[in-house]
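Only one structure is covered here, and it is reproduced in the block below.
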Amino acid sequence: MMDWLDERFGVRDFIKNHLTHNIVPSHVNTLHYIGGIAVLVILVQLFTGILLMLYYVPTEAEAFLSVERINNHIPFGWLFHNLHVVGASVLIILIMLHMLRVYWHGAFKSPRELHWLSGMLLLLLVLGMAFTGYLLPWSQLSYWASTIGIEMIRAIPFLGNSLARLLRGSNVIDGVTLRRFYTIHTIVLPLLIGAVMVLHYALKRKTGVAPNISKIAKLSVHNKDNDKGKAYFPYHFMRHGALVFLLLAILLTLALMMTPTPQTPADRLNSTEQVKPEWYFLASYQLLKIVPIDWLGILMQVAFIFFLFSVPIIESKEKPLKERRLPMVTAGFITILYLVLTYWGAVS
Amino acid sequence: MRVSILILIFCCMTLFSPFSTLFGENSCEDCHKGKGKQEAMSTIAFDLQHSAHGQEDVTCHDCHGDDPIVDAYKAFKGKEPPNIGIPRKINISVACGKCHDNIRRQFSSSLHQEKGKLTCILCHDKHAIKTATLDQVTQKFCNSQCHSFNHTEQSIQSLRSVLISSDHALANAESMRRQLAQKDITLLSLELQVKKMRAAHLQFKHQFHTFDLSTINRQGFHILSLEQKIQHHVEITEKNIRTRRFQKIIGILFVIFFLICAILFRQYAKNN
């Protein structure tokens, strides 16, 4: 059987190159696995998303009812729906943690600039998934939270109105918007995320793991030859597997414990409910609230995204951790600022 | 010029309280004391005020027309008087139809209208405006009102059974909805189905005025089929709630399985 597969697909070579003879540097620790387990969450999202698609109807009249049917009539429907909701938040947390880890380890410097850029792109695409997916239940909360989101987009100077119109497909959020968001959420963004993930992984395989930050002066960039680590299989594979199972247990526990608040269907004539965006957009929402001019708040956020994209250019030189105090303090400040704004947005 | 002045006078009269009220000054009771065979005005006023019409601010004028002694009426002297007085039997359904047009149309297509003997007030009363009851759908009652039309026991029984079953179906659906609500389960899909059933029941009541047995039966069966759908909906919901505990146990078993796998994998990695 193995010979048959090997003859056709080169399975032995694949196993040798990716598992048994893939030497992983000795400084690789649990933090390095965060990116890998984020992929697992993406797969969970894909699996639960496909199950939800079997019953979800993306029309103005049926969307809320179909979600209600999933939660109340389909066996395990509520659990898969909860998993999908929890998975979105967990995925964003994992991507943010992965980015912080990459920044800390300086794994974005030459020749790994494209890793950072593709990773940033993945974060934006995942946020786009979260944004488009939030409207789909067609509840009052999702409708008005999406309205806030689109109003934020509308505040972008020059392009805002056209972009908002393009997303909505009409003057208000209605059935047309729902179909657009559904298409973007289930086809456009998953395909893009898949493509960027493949690129991200291919780049990682090409350049290997970033060198150890504490021994950066001693090691070359392509540290495979200098560092005698262990093969990915079985040691790292098993450690990675342990984390995968742990994360699955956490996801499932959160989904089991989750008690969604009863929702009412979207009503575009009634906006009396206190609505806020999901937690990952709260910082952005709060910033817009405290900056008196809308376009200035948007401009600050766009500038921040450009700043994140240009990190490999700004800090291109290979330096040991001790000499990276200013960048590390900046990163710490940005992280704390994000958390403070999120908290402020939640309580305000 | 004269016409304009008359119109102006009429408008002023209309604006500055020319019409009578039920009680108090300038009330209908001032003149209509209910002497002789006439029903006492106080009884009429009481019935009207406590009826559905009273709650909707329907007054004597709406059915009996304007007061003939007020100046506004006098202004129309020589023309068609806006006063109706006691409506003629044939005009009662027209008067009621001013607001209940849908029912008037149903009724006017019925055999009862053709016979010209039945009027709305026969079943719904003149001033108390009651909902017709099952007691009125009896062979005795129907034959007493319309001797020439010989209702059969079978047709009356059929009407009664459809009425009873449709009322029962709606009450049952409402009760199922309430029972779920008591368990903190409010489903929009169920609410919509019950709403649809209420509308169908109302339509059924309207169609009852056609006195067409096949139409009534068809609508009655429609209500029963809606009740079955609601029952099915509630059963599935309740079954899902009952099995949710079992589903949670399966979920917990998976959590335990994942944790054991995590420990085993970690242990294997440690040993290597």
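Just so it is clear: chains get the letters A, B, ... in the order the sequence lines come, proteins before strands, and each one is counted from 1. Worth knowing before you read on, the calculation uses all heavy atoms, side chains too, and leaves out hydrogens, waters and symmetry mates.
- Of the atoms belonging to B:Ile256, not a single heavy atom falls under 4.5 Å from chain A.
- Annotation for A:Tyr201: atom OH counts as buried by contact number, over 12 foreign heavy atoms lying within 6.0 Å.
- Counting all heavy atoms, side chain and backbone alike, A:Leu252 lies closest to B:Gly251 at CD2-O, 3.5 Å.
- Interatomic distance, B:Phe258 CZ to A:Leu247 CG, rounded to the nearest 0.5 Å: 10.5 Å.
- Heavy atoms from other residues, nucleotides or ligands lying under 6.0 Å from NE2 of B:His232 number 12 at most.
- Partner of B:Ser189 under the side-chain hydrogen bond (donor to acceptor under 3.5 Å, both in side chains) criterion, chosen from A:His73, A:Glu62, A:Glu68: A:Glu68.
- The side-chain heavy atoms of A:Phe245 and B:Arg266, taken from C-beta on, include no pair separated by under 4.5 Å.
- Other residues, nucleotides and ligands contribute at most 12 non-hydrogen atoms within 6.0 Å of the CZ atom of A:Phe237.
- Your options are A:Val244, A:Ile250, A:Leu248, A:Leu246, and the one with the most heavy-atom pairs under 4.5 Å with chain B is A:Leu248.
- Counted within 6.0 Å of CZ on A:Phe76, heavy atoms from surrounding residues, nucleotides or ligands total more than 12; the atom is thus considered enclosed.
- Between A:Pro75 and B:Gln247, the shortest heavy-atom distance links the atoms CA-NE2, 3.7 Å.
- With a threshold of 4.5 angstrom between heavy atoms, A:Ile74 approaches chain B through N, CA, C or O but not through any side-chain atom.
- Counting all heavy atoms, side chain and backbone alike, B:Ile252 lies closest to A:Leu256 at N-CD1, 3.7 Å.
- Considering all non-hydrogen atoms of both residues, A:Pro234 and B:Tyr268 come closest at CB-CE2, 3.8 Å.
- Among B:Thr237, B:Leu187, B:Leu259, the residue with the largest count of heavy-atom pairs under 4.5 Å with chain A is B:Leu187.
- B:Leu192 is listed as a side-chain neighbour of A:Leu65, based on a closest heavy-atom distance under 4.5 Å.
- The CD1 atom of B:Ile250 sits 10.0 Å away from the CG atom of A:Leu79 when rounded to the nearest 0.5 Å.
- Here the CD-CE distance, from B:Gln267 to A:Met238, works out to 12.0 Å after rounding to the nearest 0.5 Å.
- Within a 6.0 Å radius of CE in A:Met257, other residues, nucleotides and ligands contribute 12 heavy atoms or fewer.
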